[in-house]
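As structure tokens, the structure follows; a few thoughts come after it.
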Amino acid sequence: MLPLGTNAELAGWEARLRRVEDEAAIRRLILSYGPAADAGLADLAASTWTHDGVYDWDANGTPHDSRAAMLRTDGHQNLIQTGAAHIAGPPLINIDGDTATAITYSLIMRRD
């Protein structure tokens with residue numbers, strides 16, 4: 001059995017593991033939206049958003065103020081019935097204590 005090390009070493013390992021777990025959870029959250037939306041799982045896709053968030057994707061349209069409203073529209077349902085794929089790039093995640101910022105690219109491809 002290997003020695004566990006000092007308390008400081010253990011605290012360092014614990015902090016590193018927490019950061020890796022946090023990054024994995026954030027990545028999973030971001031990348032779960034597209035497949036859920038494409039599969040018509042509106043509640044699962046919407047669960048990736050905050051409760052007070054809006055979905056504002058059309059510069060000329062009115063934002064949807066319900067987390068799952070856009071996902072249940074005829075337009076979205078028709079899109080996924082004919083074939084669509086939400087593709088997101090790997091997110092760039094910055095964690096600072098209990099605060100995180102993540103950015104990514106997203107592309108929607110549709111069968112035409």
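Positions are given from 1 along the sequence.
Of all heavy-atom pairs spanning M70 and T73, the tightest one is O-OG1, 2.9 Å. Closest approach of D38 and A84 over heavy atoms only: CG-O, 3.5 Å. Closest non-hydrogen pair, A45 versus A37, comes out as CB-N, 3.8 Å. Nearest heavy-atom pair, R72 versus D43, reported as atom, atom and distance to 0.1 Å: NH2-OD1, 2.5 Å. Shortest non-hydrogen contact noted between I95 and E23 is CD1-CG, 3.4 Å. Across every non-hydrogen atom of L71 and A42, the tightest pair is CD1-O, 3.6 Å.
Here the straight-line distance linking atom OG of S106 with atom CG of L31 works out to 9.5 Å at 0.5 Å rounding. Here T82 contributes atom OG1 and R110 contributes atom CZ; the two are 7.5 Å apart, rounded to the nearest 0.5 Å. Once rounded to the nearest 0.5 Å, the distance linking CD of E21 with CZ of R16 reads 13.0 Å. With rounding to the nearest 0.5 angstrom, the CG atom of L29 is 5.5 Å from the OG1 atom of T48.
A donor-acceptor pair is defined here as one N or O able to donate and one able to accept, closer than 3.5 Å; no such pair exists between the side chain of N94 and the backbone of T101. Checking side-chain atoms of T104 against main-chain N and O of G89 turns up a donor-acceptor pair under 3.5 Å.
With hydrophobic clusters built from ILVMFWY side chains whose heavy atoms lie under 4.5 angstrom apart, I80 does not share a cluster with L41.
By the neighbour-count criterion of 12 heavy atoms within 6.0 Å, atom CG of N78 is densely surrounded, having more than that number from other residues, nucleotides or ligands.
Applying the salt bridge (charged side-chain N to carboxylate O under 4.0 Å, His left out) criterion to D22, with sequence neighbours excluded, gives no partner residue.
Taking the six-membered ring where the residue is Trp, H86 and H76 present tilted rings, their angle falling between 30° and 60°.
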